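A quick note: this is a predicted structure, and the numbers were derived from the prediction, not measured. All chains are named by letter (A, B, ...) in the order of the sequence lines, taking the proteins before the strands, and each is independently numbered beginning at 1.
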Number of protein chains: 2
Amino acid sequence: MTGTTSDQEDADRTIPAAIADRLRREILTGILPAGAQIKERDNADRLGISRTPLREAVRILAKEGLVTLRPLRSPIVAAPDLNEVRDEIAVLRMLELMSGELACQKASDAEITHVRDLARQVETDYYTADKVDVFDMDMAMHSAIVAASHNAALTRTHREYLQRLWRIRFMSARRRDDANRTLGDHAGMVQALADRDEAAIRRHIDNHMNGMLANIEAHFRNEAKAAKG
Amino acid sequence: MTGTTSDQEDADRTIPAAIADRLRREILTGILPAGAQIKERDNADRLGISRTPLREAVRILAKEGLVTLRPLRSPIVAAPDLNEVRDEIAVLRMLELMSGELACQKASDAEITHVRDLARQVETDYYTADKVDVFDMDMAMHSAIVAASHNAALTRTHREYLQRLWRIRFMSARRRDDANRTLGDHAGMVQALADRDEAAIRRHIDNHMNGMLANIEAHFRNEAKAAKG
DNA sequence: CCCGCAAGAATGGTATACCAAAATTGAAAG
DNA sequence: CTTTCAATTTTGGTATACCATTCTTGCGGG
């Protein structure tokens, strides 16, 4: 999540992209809570730039789904409800299943090794590293599988969905409870990829997504209970 | 394609969205050919607005994949190569297959009727109406199936892909040759939806996409031949 | 005490001025 | 005639001024 830029590919480092990175992190970590207004003048002053590049940054985040634009009103941090998130996870599942199959067919040995290394890094740091960093590594590992599918459009769309879902996944992760399942899924995916076993990788991806959805649904239930109690 | 706006949902009609609509049509119809520069001052003057809303419009088209942004250089009309298009069609196929299955499960009778009406309209006007309008109707019919899936994220992403592929599909459509197959696929999809037969709709969608891909590959071959000869 | 509403403040949208980087041009050297 | 390279022009990026709309606020009537 750290080095995400505005548009195609990577490696430009334009000012709006950098501002978008900063705002994104503030949103994902809750410094800018869901529903908060992002006023152009306030934030431009706060970040030491003028309104023009800030507007561009907000548009980038709107495209990613983290911010909602409203004509003639302040943009607000998006607050997706459970139904929207469910829909997005359903699509993400499909994208990952497709990626897994294609990766089994097309991944190079080097790419498989890279995926395994990333999975090991996640496993090693799961309990010790900063939670945000763990999530970045997790995302990098999934993205590496998708990249191994050698489908540029799939890679781009998958990244968009991961970004959109990043915050809610982050907020709903219940570390201890699901560590074994998550890490087990990862290991299973890596092994299936190494075996180029499409059925197996589908199974592990599906399991992974079911766990993610269960966490998020539990999070929404807790939130609703907290709002009522 | 006519009423496509910038961001979420429909029905705002902000100036940049209207400018984006106009530029989009100019790109899709070839008034702005692939590879052409979109200079901010020239186009702002030509369209009677300032550079600011034009820039917003270009960003919208960049997000749709119709133009390519290059830092410190003029944006250019995107010119995807065959490999990129193949990747995009592969994802579109997956999105449509998912939509078809979900639509068979969740579509209301009214939605199925609506899809059938749109399919009939395409069939009626296929040879007589303006080619651009036929493509709009075709897109509306496919979008109606996706809408019947009742998955907002899927609907949004599917529309993005259709938009991105609109121009190349338009340019590579070989009317007479494929009319029967195209219209047959449509009829099959409608019937499968009415029967709520998931396997059948998958079959027809797959056939439809194969035909589309074949057309586009033939188009690229002809283009390469024309460039050489 | 509450509601309606008008005046002022705040805010997003647009136009424009200015800057820095890139493209262009043209003259001089070979 | 070709090639270099520096001066000029062109262009995208940013800052800022201005406008139209929306939001606040507080006064007055009920």
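- Between the C1' atom of C/dA23 and the CD1 atom of B/I76 lies a distance of 15 Å, rounded to the nearest Å.
- Look at B/E160 and B/K63 and you find no salt bridge, because none of the NZ, NE, NH1 or NH2 atoms lies under 4.0 Å from a carboxylate O.
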Please tabulate, one pair per line, each protein N/O and nucleotide N/O from nucleotides 20-24 of chain D that are separated by under 3.5 Å, including the distance.
unit_1, atom_1, unit_2, atom_2, d
D/dC23, OP1, A/R73, NE, 2.8

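- The list of side-chain hydrogen bond (donor to acceptor under 3.5 Å, both in side chains) pairs with a residue in residues 212-221 of chain A, not counting sequence neighbours, reads A/R86-A/E217, A/R174-A/N215, A/D178-A/N215.
- Residues from residues 47-55 of chain B with heavy atoms under 4.0 angstrom of DNA chain C, sorted by number: B/I49, B/S50, B/R51, B/T52, B/P53.
- When the ring-ring contact (aromatic ring centres under 6.0 Å, His included) test is applied to A/F135, the partners found at least two apart in sequence or on another chain are A/W166, A/F170.
- Side-chain nitrogen and oxygen atoms of B/R70 include none within less than 4.0 Å of the OP1 or OP2 phosphate oxygen of C/dA21.
- As rounded to whole Å, 18 Å separates atom P of C/dC18 from atom CD of B/E40.
- Residues passing the salt bridge (Lys or Arg N to Asp or Glu O under 4.0 Å) test with A/E88 are A/R164, B/R156, sequence neighbours excluded.
- Between the CD1 atom of B/I38 and the P atom of D/dT11 there is a distance of 14 Å, rounded to whole Å.
- For the 3.5 Å distance criterion, the side chains of B/D87 and A/H150 fail to qualify, holding no donor opposite an acceptor.
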Under 3.5 Å, sequence neighbours excluded: what are the donor-acceptor pairs made by side chains of residues 93-103 of chain A?
unit_1, atom_1, unit_2, atom_2, d
A/R93, NE, A/D206, OD1, 3.0
A/R93, NH2, A/N210, OD1, 2.3
A/E96, OE1, A/H142, ND1, 3.3
A/E96, OE2, A/H142, ND1, 3.4
A/E96, OE2, A/H158, NE2, 2.7
A/S99, OG, A/L95, O, 2.7
A/E101, OE2, A/R202, NH1, 2.6

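- One interatomic measurement links the two molecules: CD of B/E56 to P of D/dG13, which rounds to 13 Å at whole-angstrom precision.
- Checked against salt bridge (Lys or Arg N to Asp or Glu O under 4.0 Å), A/E40 has the following partners two or more places apart in sequence or in another chain: A/R51, A/R55.
- DNA chain D is contacted by both A/R41 and B/S74; B/S74 maps to the nucleotide lying nearer its 5′ end (nearest heavy atom per residue).
- The salt bridge (charged side-chain N to carboxylate O under 4.0 Å, His left out) pairs that include a residue from residues 105-115 of chain A are A/D109-A/R196, where partners are two or more places apart or lie in different chains.
- Regarding B/N43, its CG atom lies at a distance of 17 Å from the P atom of D/dT10, rounded to whole Å.
- Following rounding to the nearest Å, A/D45 (CG) and C/dG12 (C1') show an atom-to-atom distance of 15 Å.
- What separates CD1 of A/I15 from P of D/dA15 is a distance of 7 Å, to the nearest Å.
- Judged as a salt bridge (Lys or Arg N to Asp or Glu O under 4.0 Å), and not counting sequence neighbours, B/R167 has no contacts.
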